[in-house]
A.B. asks: 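Please find one structure pasted underneath; my questions will follow.
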Amino acid sequence: MVNALPYDEIVNALTEIDPTLIERRREEKRDLPPLPGAVEGAVVTRLPPEPSGFMHIGHAMSGLVNYLYKERYRGELWLRFEDTDPRKAKLEYYENFREGYRWLGIEWDREKNNSDDMEVFYAYCKRLLESGEAYACSCDQPTMRAMRARGIPCVHRSLDVSLNLEVWDGMLENRIGEGEATIRFKGDVSSQNTALRDPVLFRVIESDHPITGDRYRVWPTYDFAVSVEDGICGVTHVLRTSEFRLRDELQNEIRRRLGLRNPLFIEYARFEFEGVPVAKREIRDLIERRVISGWDDVRLVTVSALKRRGIRPEAIKEFVRRYVAFTEAKKEFSWDLLNAVNRRVLDPMTPRLFFVPNPVTLVIRNFEVRGISIPLHPMERLGERHVQLGERFYIPGDDASSFEAGTKFRLKYLCNVIVDRIEGPTVYGSCVMEGPEPGIRIVQWVSEPNIKVRVLIPGPLFLKDGTFNDQSLRVVEGFAEPYVANLREHDTVQFERFGYCTRDSHENTFILTHE
RNA sequence: GCCUGGGUAGUAUAGUCCGGUCAAGUAUACGGGCCUCUCGAGCCCGUGACCCGGGUUCAAAUCCCGGCCCAGGCACCA
């Protein structure tokens, strides 16, 4: 009774009874915590994707975090492609990220590629070489690795500046080939932090780059490129996952020597989802073994897969606000959380339609109505659809299996039906033109004409114990009302008593978004 | 193996810096109820957690020590 009152009245009534109750009940509006050291109008964040694979939900969430903060503090956001490994960067991935960010509603203010700034990197490198803070090294890879592991310097470390510059020029002028020399940072060879043990800053890679082609062969490594770029872009806050933790010190030191300003780092554990691999390598392997269909397989959490599945960008944004925290504890989100947020987004804007899974034929003896109009949504004004009624009806097999002669049930919005008899797979009944009775089972139905559709039901690819889930993609077939022909790819509807479903690229295929 | 970080209900978290107001809050999930011509939404009620062991203290989720477990790093990848 009380619940039937408008919300305001409930609040008023409760306030009279006990004002503290309201305070306790009020839902905490969770949002991202304030950014340390943030100054209104002076926050600069960045999106630093490596264009070497498809964008997934981890990129999406990290991207949203950077975007949301720049919005909150009215700052600036960079989109900067970290493309300094020409062997890994591929043109198609640049656009895949741009598209993904756009789809999420992320607006960036400036864009560049690290590969645009090669001359800048070279200039900064020369400065380090001249001041003796970097040196040319011709150790082969295994040797360097072993010495770094043991924390001992190599002979090249103490060579003359002029010699270093000579090698550097040799690298730039193609006289030194791949693997023959590198430029190393003069750090601290015996530091506990292995990143500081004279890491490589530049190496020769004889491979074309998707953007610069064969113009450059001396490429900066990640640490150098990112340090310089974050410095010259004026980045104030670096929000990234914690695999970079041990590099903070190195990157700050590089910038310090170059006279560039250091940002503040906020690092957090990767965003993972239960039962779904995120590692490119693992996904590629599943694709090659034909376990999944591709990068947009609906069981995956790539942005294209989420889109296919019917996860709305607004939902991902809200999800980030509500559930992301910058803890370094391992996190593995459950689909329940994302689904719940997505459902709230979908609910008011999603048409309700009838889909009958595993249909059973229903023949009604005394039925004469030839058509009916049904609202597309129970509360919202989404309009209505007209449904033609033919000779036969179809109802879900699950419902029919519990019927027997004499059972009374209701065809939603239409009429009540009393089962006369069941013959094999067909139910025969008589209709009673009356309204719904309390407690009666209400069943969705489809008549003729109708459209045969199949619904893919994605589940976790891997079970808790790590084994492959052979039920990870189930298929349900049935009949849907003709209205589904109006739907386009990525349109989501709610099939009543079944779940929210999103139309896939093929017109008769839907994907179960969630219940 | 060596270095870093972590461990609050099934999940994600608040609280931990500055010990008491925390017999631990929120969301989701789950159970029950109300409402509804959906098994959806909404509303109400309920179940459910401070990794373990010591110590300090009048008092510890919060501080100290030890253990266990988890994640990340240890590339001429990012």
Side-chain angles (χ1 to χ4, degrees), chain A residues 1-5 7 10 24-30 33 48-53 82-85 87-89 114 137 139-141 144-145 148-149 178-184 191-195 197 199-205 219-223 225-226 240-247 267 269-274 319 322-325 327-341 343-344 346-348 350 352 354 374-375 377-380 398-399 410-414 416 435-438 440-444 464 494-500 514-515:
Chain A
M1 279 302 106
V2 173
N3 294 337
L5 294 171
Y7 181 74
I10 299 174
R24 284 191 53 218
R25 283 293 138 234
R26 186 158 296 160
E27 184 188 320
E28 193 187 339
K29 267 273 185 275
R30 259 186 71 71
E50 182 191 22
S52 67
E82 311 257 270
D83 58 350
T84 53
D85 185 345
R87 279 196 231 280
K88 288 172 74 187
N114 283 358
C137 175
C139 292
D140 62 23
Q141 219 174 126
M144 190 193 298
R145 194 173 297 175
R148 292 191 69 204
E178 183 165 337
E180 291 174 14
T182 58
I183 300 300
R184 290 226 256 163
S191 172
Q192 286 262 293
N193 183 347
T194 48
R197 328 243 261 227
V200 169
L201 260 26
F202 284 85
R203 76 290 206 198
V204 175
I205 297 176
W219 290 91
T221 55
Y222 164 75
D223 283 305
V226 82
R240 48 149 68 139
T241 44
S242 53
E243 66 261 30
F244 301 104
R245 190 97 231 269
L246 282 331
R247 328 217 60 99
E267 283 148 348
R270 291 186 109 106
F271 304 119
E272 292 182 29
F273 269 75
E274 57 181 2
F319 180 71
R322 292 176 79 90
Y323 292 115
V324 162
T327 58
E328 294 209 40
K330 184 203 160 146
K331 35 179 146 278
E332 196 171 75
F333 289 105
S334 114
W335 281 97
D336 291 336
L337 296 177
L338 217 206
N339 288 347
V341 177
R343 191 180 294 120
R344 243 183 317 249
L346 249 24
D347 183 66
T350 305
R352 269 55 176 171
F354 289 167
I374 303 176
H377 195 285
M379 336 279 280
E380 310 290 330
D398 277 1
D399 291 300
R410 179 170 182 78
L411 296 178
K412 188 167 180 179
Y413 294 124
L414 198 58
N416 293 342
E437 294 170 10
I440 197 168
R441 164 134 27 154
I442 297 169
V443 172
Q444 82 277 26
K464 292 246 185 287
Q494 190 205 54
F495 285 145
E496 290 203 36
R497 302 210 307 146
F498 185 81
Y500 290 88
H514 45 64
E515 291 186 341

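All chains are named by letter (A, B, ...) in the order of the sequence lines, taking the proteins before the strands, and each is independently numbered beginning at 1. Just the heavy atoms: all of them, side chains too, but no hydrogens, waters or symmetry mates, feed the values below.
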A.B. asks: I need the CZ-C1' distance between Phe244(A) and A71(B), as an integer number of Å.
C.D. replies: 15 Å
A.B. asks: Look at Thr350(A) and G40(B) and indicate whether a side-chain polar atom (N or O) is within less than 4.0 Å of OP1 or OP2.
C.D. replies: no
A.B. asks: Applying a 4.0 Å non-hydrogen cut-off, can you work out what Asp399(A) is touching in the nucleic acid: base, sugar-phosphate, or nothing?
C.D. replies: base
A.B. asks: My understanding is that a pair needs two contacts under 3.5 Å, Watson-Crick or G-U wobble. By that rule, which nucleotide pairs with G46(B)?
C.D. replies: C30(B)
A.B. asks: Looking at the side chain of Lys330(A), which of A71(B), U28(B), A78(B) is the nearest nucleotide?
C.D. replies: A71(B)
A.B. asks: For the P atoms, the ones on U62(B) and on G19(B), what distance do you get once it is rounded to whole angstrom?
C.D. replies: 12 Å
A.B. asks: For Glu328(A), is there an ion pair with Arg245(A) - N to carboxylate O distance below 4.0 angstrom?
C.D. replies: yes
A.B. asks: If you check the Ala329(A) side chain, which of U13(B), G10(B), G7(B) turns out closest?
C.D. replies: G7(B)
A.B. asks: Taking atom P in both G5(B) and G42(B), what distance in whole Å separates the two?
C.D. replies: 42 Å
A.B. asks: Check every strand shown and say whether Ala269(A) touches a base, only sugar-phosphate, or nothing at a heavy-atom separation below 4.0 Å.
C.D. replies: nothing
A.B. asks: Determine whether a donor-acceptor pair (one donor, one acceptor, N or O, separation below 3.5 Å) exists between the side chain of Arg30(A) and the base of U26(B).
C.D. replies: no
A.B. asks: With both distances under 3.5 Å as the test, what is the Watson-Crick or G-U wobble partner of C74(B)?
C.D. replies: G1(B)
A.B. asks: Which nucleotide, in any strand shown, forms a Watson-Crick or G-U wobble pair with G66(B), with both distances under 3.5 Å?
C.D. replies: C52(B)
A.B. asks: The side chain of Thr221(A) lies closest to which of these nucleotides: G10(B), C77(B), U4(B)?
C.D. replies: C77(B)
A.B. asks: Could you check how far CD of Glu328(A) sits from P of U16(B), rounded to whole Å?
C.D. replies: 18 Å
A.B. asks: Salt bridge between Glu496(A) and Arg352(A), side-chain N to carboxylate O under 4.0 Å?
C.D. replies: no
A.B. asks: Determine the contact category for Tyr323(A): base if any of its heavy atoms lies under 4.0 Å from a base atom, sugar-phosphate if only primed atoms, P, OP1 or OP2 are that close, otherwise nothing.
C.D. replies: base
A.B. asks: Is the phosphate of A71(B), meaning OP1 or OP2, less than 4.0 Å from a side-chain N or O of Arg245(A)?
C.D. replies: no
A.B. asks: Look at the side chain of Gln494(A) and the base of U38(B), then say whether one donor and one acceptor between them are separated by less than 3.5 Å.
C.D. replies: yes
A.B. asks: Select one nucleotide: of U4(B), G40(B), C77(B), the one nearest the side-chain heavy atoms of Asp347(A).
C.D. replies: G40(B)
A.B. asks: Would you indicate, yes or no, if U28(B) has its OP1 or OP2 atom less than 4.0 angstrom from a side-chain nitrogen or oxygen of Arg344(A)?
C.D. replies: yes
A.B. asks: For residues Phe319(A) and Phe333(A), establish whether the separation of their ring centroids is below 6.0 Å.
C.D. replies: yes
A.B. asks: Taking atom C1' in both G1(B) and U16(B), what distance in whole Å separates the two?
C.D. replies: 32 Å
A.B. asks: Which nucleotide in the list C76(B), A78(B), A12(B) gets nearest to the side chain of Phe333(A)?
C.D. replies: A12(B)
A.B. asks: Which nucleotide sits closest to the side chain of Lys88(A): A75(B), C77(B), G72(B)?
C.D. replies: C77(B)
A.B. asks: Using a strict threshold of under 4.0 Å (side-chain N to carboxylate O), is an ion pair present between Lys88(A) and Glu50(A)?
C.D. replies: yes
A.B. asks: Using the P atom in both, what is the distance from U13(B) to C18(B), to the nearest Å?
C.D. replies: 24 Å
A.B. asks: Pick the C1' atom in G72(B) and in G55(B), then give their distance to the nearest Å.
C.D. replies: 31 Å
A.B. asks: Let's see if you can work this out: which of G73(B), U38(B), U28(B) has an atom nearest to the side-chain heavy atoms of Arg247(A)?
C.D. replies: G73(B)
A.B. asks: Suppose you measure atom P in C45(B) against the same atom in C51(B); what distance do you get, rounded to whole Å?
C.D. replies: 29 Å
A.B. asks: Do Trp335(A) and Phe273(A) have ring centres separated by under 6.0 Å?
C.D. replies: yes
A.B. asks: Who does G20(B) pair with, Watson-Crick or G-U, both distances under 3.5 Å?
C.D. replies: C58(B)
A.B. asks: Return no unless some side-chain N or O of Ser52(A) is found under 4.0 Å from OP1 or OP2 of A78(B).
C.D. replies: no
A.B. asks: Closer than 3.5 angstrom, by distance alone: can the side chain of Asn416(A) be matched with the main-chain N or O of Gly435(A) as a donor-acceptor pair?
C.D. replies: yes
A.B. asks: Answer with base, sugar-phosphate or nothing: what part of the nucleic acid does Glu332(A) contact at a heavy-atom distance below 4.0 Å?
C.D. replies: sugar-phosphate
A.B. asks: Which value, in whole Å, describes the distance between the C1' atoms of nucleotides C30(B) and G7(B)?
C.D. replies: 24 Å
A.B. asks: Any side-chain N or O of Lys331(A) under 4.0 Å from OP1/OP2 of A71(B)?
C.D. replies: no
A.B. asks: As a quick check of understanding, evaluate side chain to side chain contact (heavy atoms under 4.5 Å, CB included) for Gln494(A) and Arg343(A), giving each step before the final call.
C.D. replies: CA-CA 10 Å; Gln494(A) 190 205 54; Arg343(A) 191 180 294 120; over 6 Å; no
A.B. asks: So which one's nearest nucleotide on RNA chain B is more toward 5', Tyr500(A) or Thr327(A)?
C.D. replies: Thr327(A)
A.B. asks: Could you tell me whether Gln141(A) contacts a base, only the sugar-phosphate backbone, or nothing, with contacts defined as non-hydrogen atoms closer than 4.0 Å?
C.D. replies: base
A.B. asks: Could you please name the partner base of U38(B), counting Watson-Crick and G-U wobble pairs only when both distances are under 3.5 Å?
C.D. replies: none
A.B. asks: Grab the CD1-C1' distance between Ile442(A) and C35(B) for me, whole Å please.
C.D. replies: 13 Å
A.B. asks: Is there a donor-acceptor pair closer than 3.5 Å between any side-chain N or O of Arg410(A) and the backbone N or O of Glu437(A)?
C.D. replies: no
A.B. asks: To the nearest Å, how far apart are Asp83(A) CG and A78(B) P?
C.D. replies: 10 Å
A.B. asks: Return the 5'-most residue of the pair Ala195(A), Asp85(A) with respect to RNA chain B, ranking by each residue's nearest nucleotide.
C.D. replies: Ala195(A)
A.B. asks: Measuring only the P atom in each nucleotide, how far is C35(B) from C44(B)? A whole number of Å is fine.
C.D. replies: 15 Å
A.B. asks: Remember a base hit wins even if backbone is also touched, and classify Pro378(A) as base, sugar-phosphate or nothing at under 4.0 Å, heavy atoms.
C.D. replies: base
A.B. asks: Less than 4.0 angstrom between a side-chain N/O of Arg148(A) and OP1 or OP2 of C2(B), yes or no?
C.D. replies: no
A.B. asks: Using a cut-off of less than 4.0 Å, is there contact between a side-chain N or O of Arg343(A) and OP1 or OP2 of A41(B)?
C.D. replies: yes
A.B. asks: I want to check one thing: is the phosphate of C77(B), taken as OP1 and OP2, less than 4.0 Å away from some side-chain N or O of Arg87(A)?
C.D. replies: no
